[in-house]
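Remarks on the structure that follows.
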Amino acid sequence: MKPQRRRGVVRWYRSGGLTAVLFAIPVVLIFLYFSWGPVVRGVLMSVEKTNLVGPALWVGLNNFSYVLSDPGLPQAALNTAYYALLGLVFGFPVPILIAVFVNELRRYGWMYNLLAYLPAVVPPVAGILLWKFFYDPSSDGIFNSILGWFGLGPYPWLNSEAMAMPSLVLYTTWAGAGATAIIYLAAIGGISPELYEAAEIDGAGIWSRLWHVTIPQLRNVIFIMMLLQLIGTFQLFTEPFLFTGGGPNNATQTIMLKIYNYAFVSGDYGAATALSVLLALFLCVLSVAYHFVTKRWSPS
């Protein structure tokens, strides 16, 4: 060992480097076991035929062939993509508008912050059961009664193939917009006030300031939140499971719901993990492609 390198090792040892490594090793091992252990086990299960009771049988890529040849998979994939598209077009702008609105109301901002975040405090199951009551398709349902005041409805909501998925998007937007708006509010707080003052001097209104100041300054945050929303929407499970069970006529059947049915209805955990691996690979490819597509629009 060279003298300079030897002195560096001695200095590292005397500064407590070895002690730090010894303390870090158990933490790293625990992290690897509980975080990456299930991932590795899931990949292994995807090439096995198992019900977690009897011995596992190695089947190679048969599980992947089975799930890819499932006639219900294209419908589930299209439903998931449709939900992601609806959430991106109609749900994604809502938290930004809420954040801008609350930021403009400086005097009572804390109260609107509380009201916006309140849906995130409601447990998902309780919120879904409450909204199922709101979505009552009869004329006495909450939403149909309100729309009836304006001569509209009644609408079948969750009982309609055409309206079931938009109804899920409406609920998830209500449930998640407030928490996301808090993130945007924090990001807006980091924008230089001089930019808004200059815009106001030039006579810019709230919408002009939003378009020319707020959105350009929040570009990186918007791109990150959009990617997180895309990943989240492709993992949609709780809402269709509790609202419709995948109906009516498989109109809300999603990939995650299909994974659940493979595992806990059919007892085929190999097929479930195979479809999970395919979904994870798709999301990885989507994330990489999204990074390169948005990189050119991100400020340097």
Side-chain angles (χ1 to χ4, degrees), residues 20-81 83-84 87 120 123-125 128 168 172 175-176 179 224-246 250 252-292:
V21 170
L22 292 177
F23 273 103
I25 286 176
V27 177
V28 173
L29 291 177
I30 292 173
F31 171 80
L32 291 175
Y33 180 79
F34 287 101
S35 296
W36 285 97
V39 175
V40 174
R41 179 55 184 154
V43 173
L44 292 176
M45 285 178 61
S46 67
V47 292
E48 296 175 341
K49 183 74 173 179
T50 178
N51 57 5
L52 300 182
V53 178
L57 176 66
W58 178 272
V59 295
L61 299 178
N62 288 351
N63 287 328
F64 294 93
S65 301
Y66 172 72
V67 298
L68 289 175
S69 62
D70 187 339
L73 181 61
Q75 180 66 40
L78 287 175
N79 290 341
T80 305
Y83 173 84
V125 175
I128 290 172
L168 298 188
T172 52
I224 293 173
M225 298 306 298
M226 187 179 295
L227 176 60
L228 292 177
Q229 176 167 323
L230 283 172
I231 293 174
T233 52
F234 276 99
Q235 298 179 13
L236 177 70
F237 170 74
T238 306
E239 288 77 11
F241 178 72
L242 294 178
F243 267 122
T244 62
N250 291 325
T252 57
Q253 178 76 253
T254 63
I255 294 178
M256 288 297 296
L257 191 56
K258 200 155 193 65
I259 292 173
Y260 172 86
N261 289 333
Y262 277 141
F264 300 105
V265 176
S266 303
D268 192 345
Y269 293 93
T273 52
L275 186 53
S276 300
V277 169
L278 291 175
L279 178 60
L281 291 175
F282 169 77
L283 291 178
C284 289
V285 173
L286 177 66
S287 300
V288 173
Y290 181 88
H291 168 74
F292 285 106

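In what follows, every heavy atom counts, from backbone to side chain, and hydrogens, waters and symmetry copies are set aside.
- Put simply, the side chain of Asn63 gets close to the backbone of Glu48: a donor and an acceptor are under 3.5 Å apart.
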Take Val285 and Phe282, measure what side chain to side chain contact (heavy atoms under 4.5 Å, CB included) needs, and give me the verdict at the end. CA-CA 5 Å; Val285 173; Phe282 169 77; 5.7 Å; no

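- Between Met226 and Tyr290 there is a side-chain heavy-atom pair separated by less than 4.5 Å.
- Asn79 places a side-chain N or O within donor-acceptor distance of the main-chain N or O of Asn250, the cut-off being under 3.5 Å.
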Go through Leu278 and Val67 one step at a time and tell me if the side chain to side chain contact (heavy atoms under 4.5 Å, CB included) criterion holds. CA-CA 10 Å; Leu278 291 175; Val67 298; 3.9 Å; yes

What do the steps show when you test Ser266 against Asn261 for side chain to side chain contact (heavy atoms under 4.5 Å, CB included), and what is the final call? CA-CA 6 Å; Ser266 303; Asn261 289 333; 5.6 Å; no

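- Using a 4.5 Å heavy-atom threshold, the side chains of Ile30 and Phe34 count as touching.
- In terms of modelled atom types and a separation under 3.5 Å, the side chain of Asp268 and the main chain of Ala271 share a donor-acceptor contact.
- Remark: side-chain polar atoms of Thr244 are paired, donor with acceptor, to backbone N or O of Gly246 under 3.5 angstrom.
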Working for side chain to side chain contact (heavy atoms under 4.5 Å, CB included), residues Ile128 and Thr238: CA-CA 9 Å; Ile128 290 172; Thr238 306; 3.8 Å; yes

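- Residues Thr273 and Arg41 are not in side-chain contact: their nearest non-hydrogen atoms beyond the backbone lie 4.5 Å or more apart.
- Thr254 is listed as a side-chain neighbour of Leu257, based on a closest heavy-atom distance under 4.5 Å.
- A cation-pi arrangement is found for Lys258 relative to Tyr262, the charged atom lying closer than 6.0 Å to the ring centre and inside a 45° cone about the ring normal.
- Ser35 places no side-chain N or O within 3.5 Å of a backbone atom of Leu32 that could act as its donor or acceptor partner.
- Surrounding OH of Tyr33 are at most 12 heavy atoms belonging to other residues, nucleotides or ligands under 6.0 Å away.
- Ring-plane geometry between Phe264 and Tyr269 is classed as perpendicular, the angle between the planes exceeding 60 degrees on a 0 to 90 degree scale with a lower cut at 30.
- Side-chain contact between Phe237 and Ile255 is absent, with no heavy-atom pair separated by less than 4.5 Å.
- Counting only distance, with no hydrogens or angles, the side chain of Thr80 and the backbone of Phe234 share no donor-acceptor pair below 3.5 Å.
- Counting heavy-atom neighbours within 6.0 Å of Tyr66 OH, excluding the residue itself, gives a total of 12 or less.
- Two residues are said to be in side-chain contact when any heavy atoms from C-beta on lie closer than 4.5 Å; Leu73 and Leu68 meet this criterion.
- Across every non-hydrogen atom of Thr252 and Pro240, the tightest pair is O-CB, 3.4 Å.
- For the pair Leu236/Met256, no side-chain contact is recorded, criterion being any heavy-atom separation below 4.5 Å from C-beta on.
- Panel note: side chain Ser46, backbone Ala274; no donor-acceptor pair is recorded below 3.5 Å.
- The structure places CG of Asp70 at 12.5 Å from OG of Ser65, a figure rounded to the nearest 0.5 Å.
- A pairwise comparison of heavy atoms in Leu168 and Phe243 identifies CD2-CD1, 3.3 Å as the closest pair.
- Within the 4.5 Å cutoff, no side-chain heavy atoms of Val47 are placed close to those of Val59.
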